[in-house]
Protein chains: 2
Amino acid sequence: MKKITINSVASYAGVSKKTVSRVLNNEPNVSDVTREKVLKAFKELDYTPNPIARGLARNRSFIIACLYDNPSKSYITRLQSGALAACHQHGFNLLIHPCELRGQALLDNIEQLLQTSRIDGLVLTPPFSDHGELVAFLRQKKVPFARVASVKLDDESISVRSNDEQGAFEITELLIELGHKDIAFIKGHPDHSATEQRFNGYRRALAEHGIAYQEHLVEEGNFSYHSGADSAETILHLDPRPTAVFASNDYMAAAVLKAATQMDLKVPDDIAIAGFDNAPIARHIWPGLTTIAQPVEEMTRLAVEHLIEQINQGDNGDEEQQKEPLQITLEAKLICRESTAAPKS
Amino acid sequence: MKKITINSVASYAGVSKKTVSRVLNNEPNVSDVTREKVLKAFKELDYTPNPIARGLARNRSFIIACLYDNPSKSYITRLQSGALAACHQHGFNLLIHPCELRGQALLDNIEQLLQTSRIDGLVLTPPFSDHGELVAFLRQKKVPFARVASVKLDDESISVRSNDEQGAFEITELLIELGHKDIAFIKGHPDHSATEQRFNGYRRALAEHGIAYQEHLVEEGNFSYHSGADSAETILHLDPRPTAVFASNDYMAAAVLKAATQMDLKVPDDIAIAGFDNAPIARHIWPGLTTIAQPVEEMTRLAVEHLIEQINQGDNGDEEQQKEPLQITLEAKLICRESTAAPKS
DNA sequence: TCCCCGTCTGACACCGGTGTCATAATGTCG
DNA sequence: CGACATTATGACACCGGTGTCAGACGGGGA
């Protein structure tokens with residue numbers, strides 16, 4: 001099996017390289033007859049253009065990278081799967097790039113990534129989506145990027161999110177309507193902008209239902225299971241004990257559930273528990289966790305789709321013709337499982 | 001900021017392109033003085049070679065792809081993280097390629113991947129590691145590949161595994177030594193070769209301890225939580241009920257735990273449960289699951305490391321000089337948590 | 001001194017595509 | 001029917017590196 005290049009195709013079809021290239025890229029000014037000849041040659045020789053050569057000539061790699069630093073494996077794989085779907089649809093490939101937000105040298109790390117892999121664009125996922133320095137850096141370098149689940153909308157870049165504040169509001173409201181008044185809250189990681197959003201939703205629900213905010217019911221977490229366990233330790237030993245706990249994600253909620261079970265508390269009768277994200281664990285434990293499901297795949301898919309669009313159009317001479325800042329908000333969905341019910345008394 | 005190419009460096013250092021290239025690739029026959037001049041130019045111009053151009057000239061992409069089809073998110077991310085570690089260390093990048101084993105066109109899918117991304121090598125993870133057709137296909141196409149956790153060792157390709165049979169043996173033996181005699185078993189996905197290995201370990205432990213194998217205690221699963229739930233349904237309603245359940249992975253074990261809890265059975269007193277893999281869920285639930293921890297990252301890291309070595313040496317003229325079939329087996333570790341204890345009576 | 005040989009270096013073609021431009025063929029209008 | 005615009009096509013340089021080969025240089029043996 002010998003290699004089929006554009007030259008083979010050209011001589012087989014009896015035309016020049018350039019004409020073959022025209023057909024490949026759907027350029028105008030190719031007669032129907034010629035086009036047919038070339039297409040036939042493609043098929044008969046089973047030709048696939050070499051993306052590397054293409055990349056060199058057009059200064060493109062057809063690769064985008066996905067940045068993340070997230071403790072939740074399921075979140076990561078959902079991001080990846082959404083990104084991949086969009087990539088494959090447009091002939092792109094995806095590079096994954098986990099890296100630490102707090103690393104002493106995030107920007108250096110990214111710079112090196114850009115240098116060594118020549119990616120065409122970047123998808124920022126939490127907690128990078130709202131990292132001001134990084135965003136500024138990418139803008140200055142003119143690297144196309146899109147943000148997933150970012151909060152700070154600056155009207156200049158692609159951003160796809162879901163409404164965390166509203167989700168947290170709804171789940172808190174659910175607890176309130178079940179009759180809970182003392183609802184503890186476990187915050188997420190301070191670097192994630194979702195953390196503040198979810199906290200805000202919690203407070204707004206309390207406020208709208210005339211329930212006083214009690215600071216001692218709020219614990220600092222960081223989205224990890226471990227931090228949830230620590231917070232649970234404090235919350236479950238309060239006197240009086242709150243009748244419900246709303247944790248900013250499912251891992252922390254699972255930790256609360258485990259701690260409660262170990263203390264022989266019945267969930268949801270003795271204490272109701274709610275989480276956020278609809279991670280697999282939410283339905284793998286008993287009782288299943290009431291939580292909020294976000295369309296993570298879809299968010300990422302859309303973000304990447306628009307990113308690729310931007311990359312491709314930046315490629316045309318038209319240059320910046322369309323400063324169309326795409327900002328999309330998708331709906332999150334409340335999922336009720338067994339971990340929430342009315343308080344006992 | 002203008003682009004720095006090999007030409008800029010060459011003229012800055014006052015040498016030819018080719019000499020710069022020699023320095024870049026650590027080729028011999030460059031005088032120390034010249035080398036210093038070029039290295040100085042690298043630093044002062046802050047030069048990074050363009051991997052795409054390099055790739056075109058040497059017919060390499062410096063990218064390898066990781067194939068998987070696995071329901072366990074944590075397993076996937078562990079694979080990825082091990083593969084990435086090795087890739088980054090050697091200046092490679094990683095492409096992820098989830099795809100369905102059962103797809104009508106696995107080989108077409110892979111062929112397309114090879115065509116469109118020109119990857120330098122492939123990492124096969126379960127269940128692809130033992131996919132005979134795929135392996136034959138890759139050999140025929142002369143695509144370098146390495147296998148993670150494969151069972152069929154054919155002495156011709158790189159393969160890094162851990163001993164599943166032994167792990168399953170140990171965990172079964174643990175249950176037996178605790179006093180269990182009726183130990184149910186839930187099999188994994190039939191396409192995964194680990195499934196048979198784990199089953200074999202279970203049977204060997206029974207045999208070595210003089211316990212008769214009871215076919216009705218064995219259920220067919222497929223590694224998914226859902227299949228675990230189905231199997232649990234059957235097993236927990238057997239009369240007499242077995243005193244222990246060993247599931248082929250932690251998700252299925254978690255499903256058994258959930259089902260048992262819903263039936264008001266106490267774990268481990270009424271029924272002991274063991275899993276496999278040490279997935280996060282094993283320690284996120286109560287009681288924590290006794291399980292087997294495999295060094296998945298390390299396995300993948302080693303596999304990729306040797307894959308890259310093979311790729312790089314195949315690049316030299318030496319051609320196949322070293323038919324060194326690398327097959328490594330790493331240790332798995334038994335982790336005891338609260339889900340196992342002696343039977344009640 | 002001459003010849004041979006190993007070391008060091010650069011000119012040049014090449015990898016497999018794309019961009020630019022010139023030119024030929026065709027159509028359109030006054 | 002000639003002037004000119006438009007479409008179709010190919011020659012050639014170019015992207016940024018690497019491989020091949022020839023030539024310059026210096027040292028050692030005859």
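First the proteins, then the strands, lettered A, B, ... as listed; each starts at 1. These numbers come from the heavy atoms of this one structure, side chains and all, not from hydrogens, waters or symmetry mates.
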Heavy-atom closest contact ([X] atom, [Y] atom, distance):
X	Y	result
A:P51	B:T116	CG-O, 3.0 Å
B:I119	B:L95	CG2-CD2, 4.2 Å
A:D69	A:E100	OD2-CA, 3.7 Å

Could you list, one pair per line, each protein nitrogen or oxygen that sits under 3.5 Å from a nitrogen or oxygen of nucleotides 9-11 of chain C, together with the distance?
unit_1 : atom_1 : unit_2 : atom_2 : d
C:dT9  : OP1    : B:S31  : OG     : 3.0
C:dT9  : OP1    : B:T34  : OG1    : 2.3
C:dT9  : OP2    : B:S31  : N      : 2.9
C:dT9  : OP2    : B:T34  : OG1    : 3.4
C:dG10 : OP2    : B:S16  : N      : 3.1
C:dG10 : OP2    : B:S16  : OG     : 3.2
C:dG10 : OP2    : B:T19  : OG1    : 2.4
C:dG10 : N7     : B:R22  : NH1    : 3.4
C:dG10 : O6     : B:R22  : NH2    : 2.6

ask   = Taking the side chain as C-beta and beyond, is there a heavy-atom pair between A:K37 and A:V15 under 4.5 Å?
value = yes
request  = With the side chain counted from C-beta on, respond yes when B:I63 and A:I63 share a heavy-atom pair under 4.5 Å apart, and no when they do not.
outcome  = yes
With sequence neighbours left out, what residues match [X] under side chain to side chain contact (heavy atoms under 4.5 Å, CB included)?
X	result
B:E36	B:L39
A:K18	A:S16, A:S21, A:R22, A:E27
A:S11	none
A:P126	A:Y75, A:S129, A:A149, A:H192

query = Out of curiosity, B:R118 CZ to A:N50 CG, how far, rounded to the nearest 0.5 Å?
reply = 4.0 Å
Without decimals, in angstroms, what is the distance between [X] [atom1] and [N] [atom2]?
X	N	atom1	atom2	value
A:K3	C:dC15	NZ	C1'	8 Å
B:I4	D:dG16	CD1	P	11 Å
B:R58	D:dT20	CZ	P	12 Å
B:N59	D:dG19	CG	P	11 Å
B:R118	C:dC15	CZ	P	14 Å
A:R60	D:dG16	CZ	C1'	18 Å
A:L45	C:dG16	CG	P	15 Å
B:N25	D:dT20	CG	C1'	15 Å

Helix axis bend for the helix from C:dT1-D:dA30 to C:dG30-D:dC1 - C1'-based end axes, five pairs, 10° rounding = 50°
Output one line per pair: protein atom, nucleotide atom from nucleotides 24-27 of chain D, and distance, for all N/O pairs under 3.5 Å.
none

query = Across the strands shown, which category fits B:N7 at heavy-atom distances under 4.0 angstrom: base, sugar-phosphate, nothing?
reply = nothing
task = Please list, by residue number, the residues of residues 47-54 of chain A whose heavy atoms come closer than 4.0 Å to an atom of DNA chain D; answer none if no residue qualifies.
result = none
Pairs meeting criterion salt bridge (charged side-chain N to carboxylate O under 4.0 Å, His left out) with involvement of residues 76-94 of chain A, two or more places apart = A:R78-A:E297
ask   = Is there any ring pair (Phe, Tyr, Trp, His ring centres under 6.0 Å) pair reaching into residues 11-62 of chain A, and which pairs are they, with sequence neighbours excluded?
value = A:F42-A:Y47, A:F62-A:F92
key: Pairs touching residues 132-152 of chain B that satisfy ring pair (Phe, Tyr, Trp, His ring centres under 6.0 Å), sequence neighbours left out   = none
message = According to salt bridge (charged side-chain N to carboxylate O under 4.0 Å, His left out), who are the partners of B:R147, at least two apart in sequence or on a separate chain?
response = B:D130, B:D154
